[in-house]
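Here is the structure we will look at, set down as structure tokens.
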2 protein chains.
Amino acid sequence: MGNPKLSRLEMQIMEALWNCGSASIREIQESFPEKKRPAYTTIQTTVYRLEAKKAVRRVKKVGNFHVFEAAVSRDIAQRKLIDDLLALFGGRTQPVMAHLIESGKVTLADIKEAEKTLRHLEREEK
Amino acid sequence: MGNPKLSRLEMQIMEALWNCGSASIREIQESFPEKKRPAYTTIQTTVYRLEAKKAVRRVKKVGNFHVFEAAVSRDIAQRKLIDDLLALFGGRTQPVMAHLIESGKVTLADIKEAEKTLRHLEREEK
DNA sequence: GCAATGCTACTACATATGTAGTAGTAATAC
DNA sequence: GTATTACTACTACATATGTAGTAGCATTGC
């Protein structure tokens, strides 16, 4: 029932749908960089699986092809991934933060931004 | 032949080894809370797989049982998980940070701490 | 020494995921 | 209206992971 955990390929497909609003299998496939573009049927199979998980739905049929759209938001999907990662860390965010910083991929600006967001949240909750 | 990505159960087993230094299958199994303790052979199978991945190794045999120890550090293993998550986000940390904050699991203190760490790093790199 | 117990090594199986082939039907191009 | 092309629906298969059973050898307790 809840939000399904999406895999790498599934997320890439969802990304195409979140960006385009809606798309056909072919359009999704062509959204992949030519060099690492899976076969048409690979995308198709994965879209069908996403459909089974209720993460995408068919919106209409145009000509002989179907058009799909995301049925879960990017936020929800991303949140699920992060919650699952956190679970692997026993729910502790500290090591996650530490590694993000250590990886050199978080800038001071990101932190500042985060801090601002956090202050806003705190104010709203009071 | 980089560091393998470890799964949920694998991480739980590694956690036991990182905590105890070294342990037998039975000891690892008993480190699980009674209510969600997998069968002995489930732990065994998973330890064997970790061995195949070179994430653990046998250190000795005591009586008729083997004693295992971690062959990769907690840091390395955690780092791998985070790098893989980041890859799902196209390498952008911003959404990860945003979700961590939104989840309410990161406190302002965590951010302050992170900021301090980051400032230190920047200084060192100059 | 022999029976009980415990551990190992191996096998088995279900689900998830990445990957893609094939058969057949539907749209299209003339 | 027929040949080509494109898409769908289905099948197949390998690897990863969680899960656990079984057969048999090693230890141990007497």
Side-chain angles (χ1 to χ4, degrees), chain A residues 1-16 22-68 77 80-81 84-85 87-88, chain B residues 1-16 22-68 77 80-81 84-85 87-88:
Chain A
M1 276 237 344
N3 310 305
K5 180 179 184 180
L6 305 185
S7 69
R8 184 177 60 72
L9 181 58
E10 286 172 339
M11 281 297 282
Q12 289 179 273
I13 287 171
M14 293 304 287
E15 206 57 53
S22 68
S24 64
I25 305 282
R26 181 64 69 189
E27 285 169 332
I28 294 170
Q29 192 213 3
E30 287 177 349
S31 76
F32 282 70
E34 207 167 347
K35 292 309 167 100
K36 26 188 160 170
R37 188 175 292 169
Y40 178 91
T41 49
T42 297
I43 302 295
Q44 192 197 26
T45 300
T46 309
V47 169
Y48 286 177
R49 286 175 185 165
L50 283 167
E51 209 183 355
K53 291 181 185 182
K54 308 230 184 285
V56 309
R57 61 173 157 252
R58 295 171 195 224
V59 276
K60 58 182 171 180
K61 188 166 183 175
V62 177
N64 62 336
F65 60 86
H66 297 287
V67 175
F68 297 83
K80 176 66 178 163
L81 292 179
D84 273 36
L85 179 77
L88 289 184
Chain B
M1 299 266 5
N3 313 304
K5 180 179 184 181
L6 304 185
S7 70
R8 185 177 59 71
L9 181 58
E10 287 172 339
M11 281 297 282
Q12 289 179 274
I13 287 172
M14 293 304 288
E15 205 57 53
S22 67
S24 63
I25 304 284
R26 182 64 69 189
E27 286 169 331
I28 294 171
Q29 191 213 4
E30 287 177 349
S31 76
F32 281 71
E34 208 168 345
K35 292 310 169 100
K36 26 187 162 170
R37 188 175 292 169
Y40 178 91
T41 49
T42 297
I43 302 295
Q44 192 197 28
T45 300
T46 309
V47 169
Y48 286 178
R49 286 176 185 164
L50 283 167
E51 210 183 355
K53 292 181 186 182
K54 309 231 185 284
V56 309
R57 61 174 158 251
R58 296 173 193 222
V59 276
K60 58 182 170 180
K61 187 165 181 174
V62 177
N64 62 336
F65 61 85
H66 297 286
V67 176
F68 297 83
K80 176 65 179 164
L81 292 179
D84 272 37
L85 180 76
L88 289 183

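A note on names: the letters A, B, ... follow the listed sequences, proteins ahead of strands, and every chain is numbered from 1. The structure displayed is predicted, hence computed values, not measured ones. Just so it is clear, the values below take in all heavy atoms, side chains as well, and ignore hydrogens, waters and symmetry mates.
By the 4.5 Å heavy-atom criterion applied to side chains, B/Thr46 and B/Gln12 are not counted as neighbours. By the 4.5 Å heavy-atom criterion applied to side chains, A/Met14 and A/Leu50 are counted as neighbours. Between B/Ile13 and B/Val56 there is no side-chain heavy-atom pair separated by less than 4.5 Å.
Remark: P of C/dG6 and NE2 of B/His66 are 17 Å apart, rounded to the nearest angstrom. Residue A/Asp84 contributes atom CG, which lies 15 Å from atom P of D/dT17 at whole-angstrom precision. Residue A/Arg8 contributes atom CZ, which lies 11 Å from atom C1' of C/dT19 at whole-angstrom precision. Rounded to whole Å, atom P of C/dA16 lies 16 Å from atom NZ of B/Lys5. Put simply, CE on B/Met11 is 17 Å from C1' on D/dG18, counting in whole angstrom units. Remark: C1' of D/dA16 and CG of B/Leu9 are 13 Å apart, rounded to the nearest angstrom. Distance B/Arg49 CZ to C/dC10 P: 14 Å, rounded to the nearest Å. Separating the CG atom of A/Leu6 from the C1' atom of C/dT17 is a distance of 12 Å, rounded to the nearest angstrom.
When atom types are taken as modelled, the side chain of B/Thr41 and the backbone of B/Gln44 share no donor-acceptor pair closer than 3.5 angstrom.
In the set D/dT19, C/dT8, D/dT8, D/dT19 carries the atom at the smallest distance from any side-chain atom of B/Thr42. Which of C/dT19, C/dC7, D/dT8 sits closest to the side chain of B/Tyr40 comes down to C/dC7. Counting only heavy atoms from C-beta on, A/Ala39 has its side chain closest to C/dA20 among D/dA20, D/dT8, C/dA20.
Between B/Tyr48 and A/Pro38, the residue anchored nearer the 5' end of DNA chain C, judged by the nucleotide with its closest heavy atom, is B/Tyr48. Sequence order on DNA chain C of the closest nucleotides to B/Arg26 and A/Ile43 puts B/Arg26 first from the 5' end.
Within the 4.0 Å cut-off from OP1 or OP2 of D/dT17, at least one side-chain nitrogen or oxygen of B/Lys53 is found. Regarding contacts with the backbone of C/dA20, every side-chain N or O of A/Arg37 stays at 4.0 angstrom or more from both OP1 and OP2.
Interface remark: the A/Ser7 side chain does not form any donor-acceptor pair with the C/dA16 base, using a distance-only criterion of under 3.5 Å.
At the heavy-atom level, B/Ser24 lies nowhere under 4.0 Å from the strands shown.
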Mark up nucleotides 22-30 of chain C, 5' to 3', with B wherever a protein heavy atom is under 4.0 angstrom from a base atom, S wherever such an atom reaches only the sugar-phosphate, and - elsewhere.
-> B---SS---

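A/Gln29 meets the side-chain contact (heavy atoms from CB on, under 4.5 Å) test with A/Arg26, A/Arg37, A/Tyr40, A/Ile43; sequence neighbours excluded.
In this structure, B/Glu27 and B/Ser24 approach most closely via the heavy-atom pair OE1-N, 2.8 Å. Of all heavy-atom pairs spanning A/Lys5 and A/Lys53, the tightest one is O-NZ, 3.6 Å.
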